[in-house]
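Note that these values count all heavy atoms, side chains included, but never hydrogens, waters or copies made by symmetry. Each ligand, and each atom within it, is numbered from 1 in the order the structure gives. Everything quoted here is computed from the prediction, not taken from an experiment.
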Amino acid sequence: MDLINEILKLKQEKNAIILAHYYQRPEIQDIADAVGDSYNLSRVAQECKEKVVVFCGVKFMAESAKILSPEKIVLLPVMDAGCPMAEMAEAQEVLKMKQEHPNALVVTYINSTTEVKALTDVCVTSSSAMKIISNIPNDEIIFLPDKNLGEYIAEQFPNKKFYLWDGFCITHRKVKKENILYIKDIKRDVKVLVHPECEAEIRAMADFIGSTGDIIKYADECIKTEYIVVTEQGVIHQMKKRNPHKNFYVPGTSMTCFNMKKTTLQDVYECLVDMKNEIIIDEDIRIKAYTALMNMHKLAR
Ligand code: 13P
Ligand code: SF4
């Protein structure tokens, strides 16, 4: 059976759109109707006219799509494709932190559970965080769950007080300074592109810090030909497609998010055939989380 043709046929029959994050396997990115970062995919999922959204990414992404579009059927091809960082902030603990800082606004990275989003004033993504925080008048902010993104944002807003959660991404934490220095030693004229989920000492080595989408755009627009890409290596598939004459290097061998790589073409096919792995969210929680995500879209414009 030609899996790709079968998937394309099923997509028509079921009135479905396939969305893929930049960290997905190349063959998944290549069959998707839209490939993007978490901010853009959440917009496409909300604005698309299709009835069914097949979200090739991790669970919080598919849940965010369902929160914003309850009338759509949102399918996650592999149900246990989670984001360990999202699980690091637990609702009861967040409630405690809110009580400790009653004047603070709760700003939550989209990499979070629906329960935590429901306790949130506004969500952000790595590409929208700066704009959103600059549109917020509050002086005190609770930021969760990513300590690294939180620190990076806090550095740009020295007049605001940030209370940071202690979460992190297990994939971005693995990159070592020496891995970057090793490539820089061989390739002298190389640009270092870093995702803000990296630790401070890695961010300090960056020529550019940004979301997956912003990193790709930077390499598209820059005249240099050599880049060290300090984020999950899936982004290189798009970078190479768009810039075949440029070279992209991964620091070390460990920049792989295993959850993002769980989804295969077979999984996409099976979830469309059987319409299985539908995201279902309790309506009371969804409505609260909806406000936080809608605030993100309003404040990011
Ligand atoms: P982006 O918003 O940059 O796509 O990041 C999502 C993510 O999970 C990064 O690890
Ligand atoms: Fe979560 Fe990190 Fe994977 Fe992104 S790369 S989905 S933050 S574990």
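Using a 30° and 60° split on the angle between ring planes, Tyr227 and Phe248 fall in the parallel class, below 30°. Note: Tyr163 and His101 have parallel aromatic rings, judged against thresholds of 30 and 60 degrees for the angle between ring planes. Using cut-offs of 30° and 60° for the angle between ring planes, the Phe208 and Tyr218 rings count as parallel.
Protein heavy atom nearest atom 9 (C) of ligand 1, with residue, atom name and distance: Glu197 OE2, 3.0 Å. From the protein, the heavy atom lying nearest to atom 8 (O) of ligand 1 is Asn111 ND2, 3.1 Å. Taking atom 1 (Fe) of ligand 2 as the reference point, the nearest protein heavy-atom neighbour is Cys83 SG, 2.4 Å.
In this structure, His172 is part of the shell of residues with a heavy atom less than 4.0 angstrom from ligand 1. Residue His195 places a heavy atom under 4.0 Å from ligand 1. Residue contact annotation: Ser126 has a non-hydrogen atom under 4.0 Å from ligand 1. Between His21 and ligand 1 there is a heavy-atom distance shorter than 4.0 Å. Between Glu232 and ligand 2 there is no heavy-atom distance shorter than 4.0 Å. Using a 4.0 Å cutoff on heavy atoms, Tyr23 counts as a contact of ligand 1.
In the vicinity of Glu197, heavy-atom distances shorter than 4.0 Å reach the ligand 2 atoms 2 (Fe), 7 (S). Within ligand 2, the atoms closer than 4.0 Å to a non-hydrogen atom of Tyr23 are 4 (Fe), 5 (S), numbered from 1 in the order shown. For ligand 1, the atoms closer than 4.0 angstrom to any heavy atom of Thr212 are 1 (P), 3 (O), 4 (O). Near Pro84, meaning under 4.0 Å from one of its heavy atoms, ligand 2 places the atoms 8 (S). Listed by number with element, the atoms of ligand 1 under 4.0 angstrom from any heavy atom of Ser211 are 3 (O). Within ligand 2, counting atoms from 1 as listed, the ones closer than 4.0 Å to a heavy atom of Cys169 are 2 (Fe), 5 (S), 7 (S), 8 (S).
The shortest side-chain heavy-atom distance between Thr171 and Thr256 does not fall under the 4.5 Å cut-off. Using a 4.5 Å cut-off on side-chain heavy atoms (C-beta onward), Glu140 and Leu105 make no contact. Within the 4.5 Å cutoff, no side-chain heavy atoms of Leu144 are placed close to those of Tyr109.
Each of Gln233, Glu232, Gln24 was evaluated against Lys261; a single residue qualifies, Glu232, per the side chain to side chain donor-acceptor pair (under 3.5 Å) test.
Between the side chains of Lys117 and Ser112, a donor-acceptor pair is found at a separation under 3.5 Å. In this model, no donor atom of one side chain and acceptor atom of the other lie less than 3.5 Å apart for Tyr22 and Gln29. The closest side-chain donor-acceptor pair between Ser211 and His195, if any, does not fall under 3.5 angstrom.
The part of Asn111 lying near ligand 2 is the side chain, judged by heavy-atom distances below 4.0 Å.
Residue Leu19 is grouped with residue Ile110 when hydrophobic side chains (ILVMFWY) are merged at heavy-atom distances under 4.5 angstrom, including chains of intermediate members.
Around atom 1 (P) of ligand 1, the closest heavy atom drawn from Gly210, Cys83, Ser38, Cys257 belongs to Ser38.
In summary, Cys257 places no N/O/S atom under 2.8 Å from atom 1 (Fe) of ligand 2, failing the contact criterion.
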